[in-house]
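I have placed the structure first, in the form of structure tokens, so that the comments after it can refer back to it.
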Amino acid sequence: MTRNSNPITCRIHEVREARRAWKEAWPPRRAAFRARRKSGEPVPEEMGPPPSGFALLPWLLMGMGAFSNLLQGTTPNPWIGGMGLLAFNSLYISVVFRAFVKEGRDAPATRWALVAMLAITSGLGIGYGGSWLYFFPLLGLAVGAVTRGRTLPKLAFALSALAGTIAGFRDGWGAVGIAYATFLSTAVTAAILSLSEAVRELRAAREELARRAVEKERLRFSRDLHDLLGHTLSVIVVKSEAARRLAHRDLEAALLQVTDIESVGRQALTEIREAVTGYREGSLTTELDGARSALAAASVDPVVRRSGPPLTPQTEALLGWVVREAVTNVVRHSDATRCEITVDGTPDLVRLKITDNGTGATVSEPLEGLGGTGLKGLTERLAAAGGSLEAGRAPRGGFLVTAELPVDATELANAESGDTEPADSEAADAEAADAELADSEAADAELADSEAGSGGTGVRGATEVSEREQLA
């Protein structure tokens, strides 16, 4: 088996490479830290190099007494003692380096290495005693570095009892110190290494959560911009085309359309600012008024029906996004002449239906999977709120969008009691911003009448031609 085919060996080499990379990158980071301290700036938290078996190697100095006895010739059968010393140190080094890699720590070879160390330590302790008994605390270090979980206390007490028994057989009351040192080395090593691993895992989890939060916020912001600008720019294009067509024969009507364009632009600017700050709350009433104006300007007859109990600001905001997106699709992608918007429901459920009589495809044929960025995002939003969004061909032709949301009685009571005054205030500001746009419905109706006899496709056809020319 090659080195690269062994997962434990590969993981050990990864840890070593990570430690080497940290050491190479440390000098410039240290210089930056010193510069920050001198300038009084906060110093970022530093994780330090990843731990490895090198941290436990200095404890091998506890075996220097036994090694000194071998050199001085005071140990009987020195060849046996030397072989035992060499075997124990070799196994100890192997175990402590494997202990910092989860795959190596849980490997059967590591467990058998600990069993072999226990046999060698017990044999040397019974045979020689004295300084050779200090290998029991070293064995405790290795056991504490490898063992985790509920088995650790049992192993620590059992190993300490064995060390005390053998030490009592050889040195009498000195066994108390050996047993205590063995238990302490096992427990403290396991506690420190477990705490270190937990801290690193928590920091890694915190970084991952922060990264996901950033990604989620970016996705939310992109959806908001799509929903805001997609609808608003479509209305602006439609009204601009209407103003251009009316300018040469009805200047007053054209000026009314320009006034509407200014109002819509100001409203869009306000909404974008609110979306950037993350405090925007949509109003279903505002969106319905805007839908009437946009549909009328596009020569589509709007029919709006609303009934049912009052809704919470959160529910109104979600349904407002659906109205905005669906109406935008009707204006831009369908050949409809009539669009019906119905809002009804029960005390437990609210339902929004938007249907048209168009024959053209909506959102690039979204029959499978609700194609289109807007509807996909709205589907995810409603699903997160416990609702659903369905879109597809209507049974009698045209396109149908159905949104359902549960009504939370608790949130509704809080909203009615005045807990959502800031949101209501923002909704009122939005309604005031849309008031001028709603007042232009009469001019839009006049525009629709003037376009009806032109024999063409109306403002929507001119808009589509203009958009194709821009794309070309």
Which donor-acceptor pairs under 3.5 Å do side chains of residues 174-190 form with protein atoms, sequence neighbours excluded?
unit_1, atom_1, unit_2, atom_2, d
Thr182, OG1, Ile178, O, 2.8
Ser185, OG, Pro137, O, 3.1
Ser185, OG, Ala181, O, 3.1
Ser185, OG, Thr182, O, 2.9
Thr186, OG1, Gly140, O, 3.3
Thr186, OG1, Thr182, O, 2.8
Thr189, OG1, Ser185, O, 2.6

Return a table of donor-acceptor pairs under 3.5 angstrom between the side chains of residues 142-158 and protein atoms on other chains or two or more places apart.
unit_1, atom_1, unit_2, atom_2, d
Thr147, OG1, Val143, O, 2.9
Arg148, NE, Ser194, OG, 3.4
Arg148, NH1, Gly144, O, 3.2
Arg148, NH1, Ala145, O, 3.0
Arg148, NH2, Ala145, O, 3.4
Arg148, NH2, Glu197, OE2, 3.2

Going by atom type alone, with no hydrogens or angles, which donor-acceptor pairs under 3.5 Å involve a side-chain atom of residues 78-93 and a protein atom two or more places apart or on another chain?
unit_1, atom_1, unit_2, atom_2, d
Asn89, ND2, Leu85, O, 3.4
Ser90, OG, Leu86, O, 2.9
Tyr92, OH, Leu56, O, 2.8

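Judged as a side-chain hydrogen bond (donor to acceptor under 3.5 Å, both in side chains), and not counting sequence neighbours, the contacts of Asp106 are Lys102. Applying the side chain to side chain contact (heavy atoms under 4.5 Å, CB included) rule to Thr74 yields the partners Asn69, Gln72; only residues at least two apart in sequence or on another chain are considered.
Side-chain contact between Val331 and Val235 is absent, with no heavy atoms from C-beta onward closer than 4.5 Å. Looking at Leu382 and Val322, their side chains come closer than 4.5 Å, going by heavy atoms from C-beta outward. No side-chain heavy atom of Phe135 sits less than 4.5 Å from a side-chain heavy atom of Leu139. For the pair Thr232 and Arg324, the minimum side-chain heavy-atom distance is below 4.5 Å.
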(request) Let me see the working for Lys216 and Arg212 under side chain to side chain contact (heavy atoms under 4.5 Å, CB included), right down to the final yes or no. (result) CA-CA 6 Å; Lys216 184 177 180 181; Arg212 292 188 179 184; over 6 Å; no

(message) Could you walk me through whether Leu118 and Leu162 satisfy the side chain to side chain contact (heavy atoms under 4.5 Å, CB included) test, starting with their C-alpha distance in whole Å, then the side-chain angles of each, then the deciding distance to 0.1 Å, before giving a yes or no?
(response) CA-CA 10 Å; Leu118 177 61; Leu162 178 62; 3.5 Å; yes

(request) Could you walk me through whether Ser160 and Phe136 pass side chain to side chain contact (heavy atoms under 4.5 Å, CB included), step by step? (result) CA-CA 8 Å; Ser160 301; Phe136 277 105; over 6 Å; no

(request) Would you check, one step at a time, whether the test side chain to side chain contact (heavy atoms under 4.5 Å, CB included) holds for Val327 with Ile341? (result) CA-CA 9 Å; Val327 170; Ile341 304 175; 4.0 Å; yes

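With hydrogens and angles left out, the side-chain atoms of Arg306 and Thr285 include a donor and acceptor closer than 3.5 Å.
Look at Arg305 and Glu340 and you find a salt bridge, because one of the NZ, NE, NH1 or NH2 atoms lies within 4.0 Å of a carboxylate O, short of that distance. At a threshold of 4.0 Å, the pair Glu215-Arg211 counts as salt-bridged, since one of the basic side-chain nitrogens sits closer than that to a carboxylate oxygen.
Listed by first and then second residue, the ring-ring contact (aromatic ring centres under 6.0 Å, His included) pairs involving residues 376-395 amount to none (not counting sequence neighbours).
Across Leu352 and Leu319, no two heavy atoms sit closer than the pair CD2-O, 3.8 Å.
None of Leu138, Leu141, Leu57 except one satisfies the side-chain contact (heavy atoms from CB on, under 4.5 Å) rule with Val96; the exception is Leu57.
Remark: side-chain polar atoms of Glu316 are paired, donor with acceptor, to backbone N or O of Leu284 under 3.5 angstrom. Judged purely by atom type and a 3.5 angstrom limit, Arg170 uses its side chain to pair as donor or acceptor with the backbone of Ile126. Side chain of Thr110 to backbone of Arg105: no donor-acceptor contact under 3.5 angstrom is found.
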